[in-house]
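Read through the structure below, which is laid out as structure tokens, and then see the notes.
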Amino acid sequence: MGERKPISSFRYVEIMDSTLRDGEQTNGVSFLPHEKLMIARMLLRDLNVDRIEVGSARVSDGEKEAVKMICRYARQIDCLDRVEVLGFVDGHQSVDWVVDAGCQVLNLLAKGSLKHCREQLGKRVEEHVADIKEVVDYAAQKGIKVNLYLEDWSSGMKDSPAYVYKLMDMLVDTRICRFMLPDTLGIMNPLQVIEYFRKMKKRYPDANFDFHAHNDYDLAVSNTLAAVLSGARGVHVTVNGLGERCGNAPLSSVQVILKDQFHAKTNIHENKLNDVSRLVESYSGIAIAPNQPIIGDNVFTQVAGVHADGDNKANLYCNELVPERFGRKREYALGKTSGKANIARNLRELGLELTPEQTQRVTKRITELGDRKEVVTKDDLPFIVSDVLKHDVNEERVKLVSYQVSLAYGLKPLANVKVEINGQQYESHSSGDGQYDAFVKALRKIYREYLDRSFPLLANYAVSIPPGGRTDALVQTVITWQNGDKLMRTRGLDADQTEAAIKATIKMLNMIEN
């Protein structure tokens, strides 16, 4: 075996994002055309991925409209050649669809294993190759570039390598630009990826190979890295790891490991990774796990007091994954293991100066809350300080005097609200799509009509209950607000979901007033 070429000698690794095609095969995910356009804009313009795969030919009218919108935008910014569409070995149909959609690149889905060719198509490899060549030649006549997926390539290399080689032998010298090698069923491990990829590179040294991983064994990222180490010029990823079954290789993880662990170069703007992840989370409805590397809510949050103490002294608990690199900020969460150093750091960030004895009392209260599994955030800290020390660190300037919400079958919910703001009482009413929506609309009217002030926008709304299924269980409602360019998060706890949300809302208004 010859000496392996170090990854650092590569100019860059090409990143192809397939969120809008393969990622949309996630169960329950279907992007609207304008949502696809917004995601594509961010991937191309802000994140700067090399290529995006935006849909499949002949799926639906909505799919075609989305592809047309994306291609019009890509043409405007002179990157139409970075937009690709999946097509099929179907004579002229997929090519004509791609041409009509305004795209220039077709990713042709062929059979990469003998089993798929024989049992799904009922054809010999020579017949399948003839059909592929017909599509490639017709695409060339229409000015369309073609990349070729060898579907089920991983099974093909395991069970029928002679078929894979025969297929490649007949196609390697055609107009096909890239050969894309997918682990369609997610069955490979990194050692197998290295073995099979090296065989492909040795046999076809001038071919341009991509690798496309699936995450069934939680090895998509590892397999992607193994492919790059073994000669893959491009890798396929999705935002947040979306994809069929267990998903694909997550873009954020692949990017940072390639850069930090293997010193590879990519064109990705890392400070936009979190933004695109949140956009896709919002449109897909698939929540990002709090502990998801790089993009999860908790990954830049220290809880243990010893960690905060070490960071205070010499950043002892930091690594190359500094949050500012990804447009984020390190936080120091509050819980029973926080310790004085963690709490003191949060107090300083809020501009609250306490004596050591006062800090000790606040620490004790937070520890007690943590023992009861109550969630405490930095935004809660002023209220805890006020409660523990019994002084006016944060006066309650917004008070809910009274409210009534009604719900009747066939009628919109109604809300009557009376609040006191800085000593002055105001009253209003409104209807809404739900009880809480009616309550918030009534509050908005008060702020707009009486105070001539804007009311923060609701950015996210999440409800959680303890396990067990009891109808009287406490409900925790977490609401994220957009107040200008700042995000705020407040929590409310009550047996009633609407009441919990109202508590979180009043807490948010007090934070603004103070």
Side-chain angles (χ1 to χ4, degrees), residues 11-24 31-90 92-110 135-149 174-180 208-210 212 233-239 248 251 255 265-269 272 275-276 279-280 283:
R11 183 168 62 88
Y12 64 86
V13 177
E14 199 172 67
I15 304 292
M16 192 273 262
D17 182 274
S18 187
T19 304
L20 299 177
R21 199 279 298 175
D22 213 4
E24 198 180 25
F31 298 119
L32 296 172
H34 78 274
E35 293 174 338
K36 279 199 167 191
L37 176 61
M38 292 301 102
I39 294 171
R41 282 165 57 96
M42 185 165 280
L43 289 170
L44 289 172
R45 179 192 61 190
D46 301 330
L47 196 62
N48 198 37
V49 298
D50 295 281
R51 298 147 49 206
I52 57 173
E53 192 175 43
V54 299
S56 300
R58 300 171 50 206
V59 168
S60 68
D61 291 339
E63 185 86 339
K64 195 170 195 176
E65 179 59 27
V67 174
K68 284 184 175 181
M69 291 168 64
I70 293 169
C71 288
R72 282 197 297 269
Y73 168 73
R75 188 182 295 276
Q76 290 171 6
I77 63 171
D78 196 28
C79 61
L80 185 58
D81 59 333
R82 293 162 58 190
V83 178
E84 303 171 4
V85 172
L86 181 76
F88 310 97
V89 183
D90 54 11
H92 297 178
Q93 293 182 71
S94 286
V95 174
D96 288 340
W97 193 98
V98 168
V99 170
D100 190 48
C103 192
Q104 293 181 341
V105 183
L106 170 66
N107 291 340
L108 188 61
L109 189 67
V135 176
V136 173
D137 290 341
Y138 182 65
Q141 294 174 28
K142 294 292 185 177
I144 302 297
K145 294 180 180 179
V146 177
N147 303 317
L148 189 73
Y149 271 114
T174 63
R175 294 186 178 92
I176 293 170
C177 301
R178 296 180 180 86
F179 293 89
M180 306 194 291
N208 188 345
F209 289 118
D210 278 8
H212 180 106
R233 295 188 194 175
V235 295
H236 297 188
V237 296
T238 60
V239 177
N248 296 24
L251 165 60
Q255 162 62 25
K265 294 181 180 179
T266 71
N267 290 323
I268 298 297
H269 298 159
K272 298 298 182 181
D275 291 343
V276 73
L279 181 69
V280 171
Y283 286 159

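- Put simply, the side chain of S18 gets close to the backbone of D22: a donor and an acceptor are under 3.5 Å apart.
- Of the possible polar contacts, one joining the S94 side chain to the F88 backbone as a donor-acceptor pair under 3.5 Å is found.
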Check: Given the rule in the side-chain hydrogen bond (donor to acceptor under 3.5 Å, both in side chains) test, do D210 and H236 qualify, once you have shown the distances and angles that lead to the verdict?
Finding: CA-CA 7 Å; D210 278 8; H236 297 188; 2.9 Å; yes
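- Between V237 and N248 there is no side-chain heavy-atom pair separated by less than 4.5 Å.
- The backbone N or O of G23 sits nowhere less than 3.5 Å from a side-chain atom of T238 that would complete a donor-acceptor pair.
- No side-chain heavy atom of V13 sits under 4.5 Å from any side-chain heavy atom of R233.
- In this structure a side-chain-to-backbone donor-acceptor pair under 3.5 Å is present from R82 to V49.
- We find the CG-CE distance between L109 and M180 to be 9.0 Å, quoted to the nearest 0.5 Å.
- Under the 3.5 Å distance criterion, the side-chain polar atoms of S60 are matched with a main-chain donor or acceptor of E63.
- By the side chain to side chain contact (heavy atoms under 4.5 Å, CB included) test, D50 is found to be paired with Y12, E14, I15, N267, residues two or more places apart in sequence or in another chain being considered.
- Of the options V99, L148, V136, V98, a side chain to side chain contact (heavy atoms under 4.5 Å, CB included) to L106 is made by V98 and by none of the others.
- In this structure, K145 contributes its side chain and C177 its backbone to no donor-acceptor pair below 3.5 Å.
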Atom pairs and distances, side-chain donor-acceptor, residues 38-46, under 3.5 Å, sequence neighbours left out:
none

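- The distance from atom CH2 of W97 to atom CG of D90, rounded to the nearest 0.5 Å, is 11.5 Å.
- Of all non-hydrogen atoms in G62 and P33, the two that sit nearest each other are O-CG, 3.8 Å.
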Checklist line | Test log, rule side chain to side chain contact (heavy atoms under 4.5 Å, CB included), inputs V105 and V83 | finding: CA-CA 7 Å; V105 183; V83 178; over 6 Å; no
Check: Are Q93 and R58 close enough, and set up right, to give a side chain to side chain contact (heavy atoms under 4.5 Å, CB included), and what steps lead you there?
Finding: CA-CA 8 Å; Q93 293 182 71; R58 300 171 50 206; 3.6 Å; yes
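- Here the shortest heavy-atom pairing between E84 and N107 reads OE1-ND2, 2.9 Å.
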Next item on the list: Applying side chain to side chain contact (heavy atoms under 4.5 Å, CB included), run through L32 and Y283 and close with a yes or a no.
Entry: CA-CA 9 Å; L32 296 172; Y283 286 159; over 6 Å; no
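- Counting all heavy atoms, side chain and backbone alike, G102 lies closest to C71 at O-CB, 3.7 Å.
- A pairwise comparison of heavy atoms in K36 and G55 identifies NZ-CA, 4.1 Å as the closest pair.
- Proximity of a side-chain donor or acceptor of E53 to a complementary backbone N or O of L20 within less than 3.5 Å is not detected.
- In this structure, the side chains of N147 and I176 stay at 4.5 Å or more apart for every pair of heavy atoms.
- Put simply, CD1 on I268 and CG on L251 are 5.5 Å apart, with the number rounded to the nearest 0.5 Å.
- Of all heavy-atom pairs spanning R175 and A140, the tightest one is CD-CB, 3.5 Å.
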Check: Under the salt bridge (charged side-chain N to carboxylate O under 4.0 Å, His left out) criterion, do D81 and R51 qualify, and how do the steps go?
Finding: CA-CA 8 Å; D81 59 333; R51 298 147 49 206; over 6 Å; no
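- The two atoms that bring K142 and D96 nearest to each other are CE-OD1, 4.2 Å, heavy atoms only.
- A perpendicular orientation is assigned to the rings of H212 and Y149, their planes being inclined by more than 60° (bins at 30° and 60°).
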Checklist line | Derivation and outcome, side chain to side chain contact (heavy atoms under 4.5 Å, CB included), residues D100 and K68 | finding: CA-CA 8 Å; D100 190 48; K68 284 184 175 181; 4.0 Å; yes
